[in-house]
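Quick note on labels: first sequence line is chain A, next is B, and so on, each numbered from 1.
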Amino acid sequence: MRIGYPCINRGIGCSSGRTFRLRSYSEARMETTVEANLSCLAAILRYNAAHSLRFFRITSDLVPFASHPVCRYPWQRRFGEVFREIGRFIQREGIRISMHPDQFTLINTPDREVLRRSLAELEYHAQVLDLMGLDATARIQIHVGGVYGDRSAAMERFTARYGRLDGAVRRRLVIENDDRLYSLGHCMELYSRCGVPVLFDWFHHRINGGEPPGRALAKAASTWKSGNGIPMCDYSSQKPGARAGTHAESIDREDFRAFLDMSRGHDFDLMLEIKDKEASAAVAVEEAWGDDRFVP
DNA sequence: CAGTGTCAAGGTGGA
DNA sequence: TCCACCTTGACACTG
């Protein structure tokens, strides 16, 4: 089990997801932004390796507007060597990588244009990981998408389109159970229809699930095949007093220990979706230190 | 320079 | 039919 956090390091003093307004787009702006983002990403990864944090989600904003028609800038060529260098560091340090395109990426949409943009966005994510030379254990996670008033038709569209995805995307794509529309049960059904691996989100499952965590973890784990790496799992806890589903500001040690206990017997890489990022991840590492699954 | 309205993109659900 | 919400920081404009 490796432990990590998504996208942002709050203490390091730089961001790997700096962006700008579409109106400000220029090749010069792209050049300086992507260069700064990659340099910060390298710094975050060095920080993580030095702190036994060996799971990291790379921000989708690494290359702003990468899948937008406005972007004609050849960032892949211009920064190819930088990507390869970062990839070598990731492999040398045994770091696991994920990416998570956001809510606009919907492969089960009934709208052709939304689908076209979504595929372009997924291809961008795959390019980032490919340029780094990472194998298929580096994954791209998305939610299943909308229901559109007809769940079975929406799931059928997902299945058909998954089968027709570009190979570079399909070899990395995993679906994650969400807190409202697609539970672990729905994701398992999609797995049985098309073979897409399922990333288990413990916090969403608590809100929209029902089954005990050990059993749920075992189900999700059964969808990860050799070459995919060990399963990935997202963990968070409820922010006290907030709407159900709001991520906590900082880790709840008690809740986290309980999670470790409940998940005993299952190995996975664990992403802490908690707002204060590396601070809580460090606490999680401390809590997991004696666990025989933990890889420092 | 500080304050603040707004930002590429979708879908849901309540008013 | 419209708008807030998701989630979030920070860009970039205004005064």
Centroid-centroid under 6.0 Å between [X] and [Y] rings:
X         : Y         : answer
Trp75(A)  : Tyr124(A) : yes
Phe203(A) : Tyr235(A) : no
Tyr182(A) : His143(A) : no

[N] to [M] separation - [atom1] atoms, rounded to the nearest Å:
N       : M       : atom1 : answer
dG5(B)  : dC5(C)  : P     : 16 Å
dA10(C) : dG10(B) : C1'   : 22 Å
dA4(C)  : dC7(B)  : P     : 14 Å
dT8(C)  : dT4(B)  : C1'   : 16 Å
dA8(B)  : dT1(C)  : P     : 27 Å

Subject >> Lys239(A): salt bridge (charged side-chain N to carboxylate O under 4.0 Å, His left out) partners, not counting sequence neighbours >> reply: Glu249(A)
**OP:** Under the salt bridge (charged side-chain N to carboxylate O under 4.0 Å, His left out) rule, collect the residues that match up with Asp178(A), sequence neighbours excluded.
**Re:**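 Here no residue qualifies.
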Subject >> Of residues 20-29 of chain A, the positions that come close to DNA chain B - non-hydrogen atoms, cut-off under 4.0 Å >> reply: Arg21(A), Leu22(A)
Subject >> Interatomic distance, Met1(A) atom CE to Phe268(A) atom CZ [nearest 0.5 angstrom] >> reply: 6.0 Å
Subject >> Pairing annotation in dot-bracket form, given for DNA chain B with Watson-Crick or G-U pairs under 3.5 Å and | for cross-strand partners >> reply: |||||||..||||||
Original post:
Only one of Arg57(A), His204(A), His100(A) forms a side-chain hydrogen bond (donor to acceptor under 3.5 Å, both in side chains) with Glu273(A), so which one is it?
Top reply: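 It is Arg57(A); the other options fail the test.
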Interatomic distance, [X] [atom1] vs [N] [atom2] [rounded to whole Å]:
X         : N       : atom1 : atom2 : value
Ile12(A)  : dG9(C)  : CD1   : P     : 18 Å
His68(A)  : dG10(B) : NE2   : C1'   : 15 Å
Tyr5(A)   : dT8(C)  : OH    : P     : 15 Å
Glu121(A) : dA8(B)  : CD    : P     : 14 Å
Lys277(A) : dT7(C)  : NZ    : C1'   : 10 Å
Leu181(A) : dG13(B) : CG    : P     : 6 Å
Ile107(A) : dG10(B) : CD1   : C1'   : 15 Å
Glu273(A) : dT8(C)  : CD    : P     : 9 Å

**OP:** Applying side chain to side chain contact (heavy atoms under 4.5 Å, CB included), name anything that partners Asp102(A), two or more places apart in sequence or on another chain.
**Re:** Phe104(A)
**OP:** Would you mind telling me which of dT12(B), dA8(B), dG10(B) lies closest to the side-chain atoms of Gln103(A)?
**Re:**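 Per side-chain heavy atoms of Gln103(A), the pick is dG10(B).
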Original post:
Which listed nucleotide (dT7(C), dG9(C), dG10(B)) is nearest to the side chain of Arg10(A)?
Top reply: dG9(C)
Original post:
Mind checking what makes disulfide (SG to SG under 2.5 Å) contact with Cys14(A), not counting sequence neighbours?
Top reply: Cys40(A)
Pick base, sugar-phosphate or nothing for [X], based on heavy-atom distances below 4.0 Å to the nucleic acid.
X         : value
Ile8(A)   : nothing
Thr246(A) : nothing
Ser118(A) : nothing
Arg116(A) : nothing
Tyr148(A) : sugar-phosphate
Val147(A) : sugar-phosphate

**OP:** Please answer whether the main-chain N or O of Leu260(A) pairs with a side-chain N or O of Arg293(A) as donor and acceptor at a distance below 3.5 Å.
**Re:** yes
Original post:
Would you say Phe104(A) stacks on dA9(B), if stacking means ring centres under 5.5 Å apart and planes within less than 30 degrees?
Top reply: yes
Subject >> Pair Asp135(A)-Thr137(A), side-chain donor/acceptor within less than 3.5 Å >> reply: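 There is such a pair between these side chains.
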